[in-house]
A.B. asks: 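If you scroll down you'll find the structure; I have some questions about it.
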Amino acid sequence: MKSSRRHCLALLSAASWAQTNHSAHHAIPFEASTGPAPHARRDIAAMKADDPQLEMFRAAVREMKRRSAANKLDPLGWYQNAVLHAMFCATNDFDLQVHYCNYFLPWHRAYLAFLERKMRAVISEPSLCLPYWDWTATPRIPEHFFGDRNPLWDSTRLQSPSSHLPADFIDVGPVLRAPTFRVFAGFPKRGASDPQVEGILEQGAHNNTHNWIGGNMAGFPSAGFDPMFGTHHGNVDRLWEAWLRQGSKRQNSTDPAWLDYAFYFHDESGRMVRIPIRDILNTESLGYRYDSLDFTSIAPASKKADKSKRSYVHIRFPRNQVPAHPYCARVFIAAKGQDIAYEAWSPEYAGTVTLLPVADHNSGYLDEWVSMILEIGAEQAELIRTPASSQLVMAPVSLRGRQTPFTPLKVQQASLEILPDA
Ligand code: C2O
């Protein structure tokens, strides 16, 4: 793997960030922007080639890459920004890892907001907004990311401009219907012995899209290097806002331990900022908003009709059964012995997930278990209540540029728990 040396370098240099990040006495408190954010983040796929926002985005990435080419340690460079993501996402260090729990959404939101501030600063364009890529509306890599001398191009991607994301990879129905913050955004992270559980948004559409793009985007150590990273996460962040907009029980956690938990980021003038999650919950105070919170619904109409009686199940099983990582698979729950139609939206289908590689150093707590949350129908919920008569099967999806033999994985020793609605 030609990029593995670069990953090592990234992690080494990330280690120096760790120390600064945790010497909290240097940090200044985050100061919220006041008043409505003047500019909105927009969908990059809907921009014309000469759109001023697209031009600013390109210019800022070009300038950040130029800075890193001159000095890898430049804190406003593209390299350091990518390494910062690796630091918190490509690690088994329990204290640092922000995936697999409900720090995922706020950490990535703040990471993007600080990236946006750096981008504004490096090209002195306070009106720059990080674009997002709505993959539900445009399920392929937007053309603006292609082209040889384009700073937005990343040669490691495995998809062409005409490749289409499979619809089930990006079905946001189960995400937007998620009845509770735990289901939507992941479980709280307390002790290392607790299950580390990603929300349904993270393990599904988020992971699926990362892995489908391939190359740098398919792994945590390298994902931040691809300029698509920010636009992909912009859409994930926008889904958070869309989920909340539905109201009723769809609210952020009110747990003080979560609200008071703080992250550290360097700002555009090199100061370390301490930002507790409670200050991350309002996008306007971070200096941005979205032009729209609408998503295209993907599942066939026949499937949506029977979604009324749905529940969410948390599945956990030993990771050593998974033959390879990343492992992108459609998950099926059926009666024991029953023939399964291995197709998205067949009656036995419960969702599509991607298990990304976990780092294999330090504590190893993520290496032991796979956890996932899926939305299931009433019949599947009934089956789960009698585990002896049901089967859980994962069918790998073959992707362009990857060798994945189609061997359904009959998952053993799984525990399945229906999650409460409230
Ligand atoms: Cu920290 Cu989409 O990854």
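Whatever order the structure lists them in is the order used to number ligands and atoms, beginning at 1. Numbers for residues simply follow the sequence, beginning at 1.
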A.B. asks: Have a look at atom 2 (Cu) of ligand 1 and estimate, to 10 degrees, the angle subtended by NE2 (His206) and NE2 (His210).
C.D. replies: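 Value, to the nearest 10 degrees: 90°.
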
A.B. asks: Verify whether the ring centers belonging to His232 and Trp135 lie closer than 6.0 Å.
C.D. replies: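 His232 vs Trp135: aromatic centres under 6.0 Å.
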
A.B. asks: Looking only at N, O or S atoms, find the one in His99 nearest to atom 1 (Cu) of ligand 1 and name it.
C.D. replies: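 Result: NE2.
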
A.B. asks: Which label fits Trp243 and Phe181: parallel for a plane angle under 30°, tilted from 30 to 60°, or perpendicular past 60°?
C.D. replies: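 Rings of Trp243 and Phe181: tilted, 30 to 60°.
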
A.B. asks: Nearest to atom 2 (Cu) of ligand 1, which N, O or S atom of His233 do we find?
C.D. replies: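 Result: NE2.
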
A.B. asks: Strictly below 4.0 Å, N to O, side chains only: are Arg238 and Asp291 in salt-bridge contact?
C.D. replies: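 Between Asp291 and Arg238 there is no salt bridge, as every charged N stays at least 4.0 Å from the carboxylate O atoms.
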
A.B. asks: Which N/O/S atom belongs to His108 and is the closest one to atom 1 (Cu) of ligand 1?
C.D. replies: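 Relative to atom 1 (Cu) of ligand 1, the closest nitrogen, oxygen or sulfur of His108 carries the name NE2.
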
A.B. asks: According to the interplanar angle, ranging from 0 to 90°, do the rings of His108 and Phe104 count as parallel (below 30°), tilted (30 to 60°) or perpendicular (above 60°)?
C.D. replies: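 Answer is tilted, since the angle falls between 30° and 60°.
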
A.B. asks: Answer yes or no as to whether an N/O/S atom of His85 is found below 2.8 Å from atom 1 (Cu) of ligand 1.
C.D. replies: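 So His85 counts as coordinating atom 1 (Cu) of ligand 1, yes.
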
A.B. asks: Could you check whether the rings of His99 and His85 sit parallel, tilted or perpendicular, using 30° and 60° as the cut-offs?
C.D. replies: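 His99 vs His85 ring planes: perpendicular.
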
A.B. asks: Report yes or no: does His232 have an N/O/S atom closer than 2.8 Å to atom 2 (Cu) of ligand 1?
C.D. replies: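 False for His232.
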
